[in-house]
Amino acid sequence: MIRLNKIQKKAVETTDSHLLVMAGAGSGKTRVITSKIIHLIKNKGVPPYAILAITFTNKAADEMKTRVKEVLSSTDMRHLQVRTFHSFGAMLLRSFISHLPPYDSRFTIIDPGDQKKIIKSLAEKAVKTAQINFILQLISSWKNDFLYPDAPFKSFAMYDTGSKEPGYYREWYKKYQDHLLKNNLLDFDDLIALPVQLSQKNSACNDYLKSRWRYVLVDEYQDTNTCQEKIIRLFYQNGATITAVGDDDQSIYSFRGADITNIRCFENNYKKSSVIQLEQNYRSTQSILDAANDVIAHNRRKYQKKLFTRNETGEYPSFTFYYSDREEAAETALEILKANDRGCAFAQTAVFYRTNYQSRLLEENLIQKKIPYQIIGGYKFFERKEIKDIISYLNVLANKRDSLSLQRIINFPPRGIGKKTVTRLINFAADRQLTLMQAFSQSRSCKLLPAKTQRKIDKFSELINKLEKDMQRHSLVGFMKLLLQKTMLFPFYQQLPDKNEANERCENIFQLLEAAGEFAENNKTNSLPQFLEHISLHTAQDEMAQQDTVKLMTVHNAKGLEFDTVFVTGMEENTFPHILSIDDPDETEEERRLFYVAMTRARKNLFLSGAGERKQYGRSKYLFPSRFIREIDRNHFKYYNDISRIDNKENMEDYFVIDQHEYF
DNA sequence: AATCAACCCGAGAAG
DNA sequence: CGGGTTGATT
């Protein structure tokens, strides 16, 4: 057992009862979990088969696997399960979902973009994006609360649905879920909720869960939602020993259903459990921790943790309030260069912001100063059009019932099958209870379409059939190359009139092929369904390359990461805390935790900044420094300046619309 | 079916 | 300001 402190050691060696490890930021929780897995196998003789570790991101899962791999044999590794909640759910469902007809094991996992498309397609007339988002969010929280459309009506009534009746949204939910069932599609929430349903309805599945896992370790427990907690509870009820690791001060995902009371009530919910608090930090300097402790102390807390370290004292963070967002971006880029001159590698530097669009100005400045950078999150690689096109072909081949993907590719690249034809086929399929694919062949005998159009449809069906045969005969990558040619996708993108665009899209296609090759190599498989699952469960952090680039990301994406030098930008009221969280004390506390997460990512240097003017929708907004900055003891700054440099007299008036004295 | 201009409206965070 | 959609035109 490698270098654990006394308290960590106790957490590792407590194996005979349920345990909550309250692990402060940088206190070595990954080390505790991995050490515990190794301890169970090596010292306690627990078969690896009986151990399950659950995380939230692939990156965390991979990290654990890598560390455990150094000690365990490859046979042991094969039997040990280290998975994310979603991949665990998917795994279980691949084996058991046929007990929930009409789903079958070839289901496709859809992303939020697909969800929006589905809602749009189910609407009789145009629906606003905001409305679609609201519907989907409601559906998501219903699923997280384990409510499916067939639940009694009164269960839905307690949800706040604004101006419209809950019944209205329940109708959407019914239509949406019906579409998923017919097309054999699962959304992210289904991956968590359906396993619970299965374990209750299907004895084979329940027996499997019951008999197999005896030790379950959960990472980031503060981020569990009702459904995820229920899964852990299933193991608990079946006699497994639970180790929950997390930090209530880092709970930042309530908007996706995470319930902070899950971790705060662990002691009550899991009988005969104990709690261990890890407060020694191995990441940051004491100066950074001092400032971070100041901030989080402003929250109401059940577990009062105060981080300390034996690392060097280091330097206090700095705070600069710039004149404008442009100045902030330019100066941040300059500071990155200065840090680089002092010996901080670009790869050890990160810039965080509250909202995705804040990356834009930064990017412009980094490009101008020729600083290599990489954005983590935001528009994801697998959501690019050219990639989605290819994946849609693959989806259709893996799941013939997926009419969503089929509609995407039926006339792409263009092959003369227009909207009218597609609408006709969809209606035809609906009338006869056929899948869209089945409608292709049936429409011929029914003479549904003009002969010329039917010929085009036949040709397309033939293409799909041929690809299906090719799939059997080739490796994953080999097959994908063949597909790119036979569908004319690659030639299509290659021949785009805009050469820059053509190059970029082709480059992305090559990257996809590379990813497929890597996947096949790492997992020793050419299975298309497994590759598709891998893609759909891909997370923002997976895009972290080891290149020497500055990393740009939202604070949410920064969780679990660490850098020598960290910049937290946009520290203004209404930006961070976000304007939509400012009226609700609970949400403001969550914003504070978010800032706490941001600060505790830094090992050595922490730069905080804000701007007095920020452009939004092409208009200027005038802002004041964030309350979170004022919560840090003034003595805990190396440099502090909250006065904007007003060098443009025209804007003076705007600044003093609100009396500064009133504000401070 | 493809192209383009006018127009509208919006961006909170993510598996 | 800029992306996405609509509707007119070819």
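In what follows, chains are A, B, ... by sequence order, proteins preceding strands, each numbered from 1. A quick note: this is a predicted structure, and the numbers were derived from the prediction, not measured.
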Looking at A:Asp248 and A:Arg301, is there a salt bridge between them, counting it only when a charged N and a carboxylate O are closer than 4.0 Å? no
What is the distance from [atom1] of [X] to [atom2] of [N], rounded to the nearest Å?
| X | N | atom1 | atom2 | answer |
| --- | --- | --- | --- | --- |
| A:Asp583 | B:dG12 | CG | C1' | 15 Å |
| A:Tyr357 | B:dA11 | OH | P | 11 Å |
| A:Lys116 | C:dG3 | NZ | P | 16 Å |
| A:Phe188 | B:dA13 | CZ | C1' | 15 Å |

Parallel, tilted or perpendicular: rings of A:Phe531 and A:His534 (30°, 60°): parallel
What nucleotide among B:dG15, B:dA14, B:dG12 has an atom nearest to a side-chain atom of A:Thr539? B:dG15
Of all the nucleotides listed (B:dG15, B:dA1, B:dG12), which has the minimum atom distance to the side chain of A:Glu591? B:dG12
With a 4.0 Å limit, can you tell me whether A:Asn133 has a side-chain N or O closer than that to the phosphate oxygens OP1/OP2 of B:dG12? no
Taking 4.0 Å as the cut-off, does a side-chain nitrogen or oxygen of A:Asn557 come that near to OP1 or OP2 on B:dA13? no
Give me the distance, rounded to whole Å, that separates C:dT5 from B:dG12 when you measure between the C1' atoms they each carry. 24 Å
Proximity of A:Phe255 and A:Tyr253 rings by center, below 6.0 Å: yes
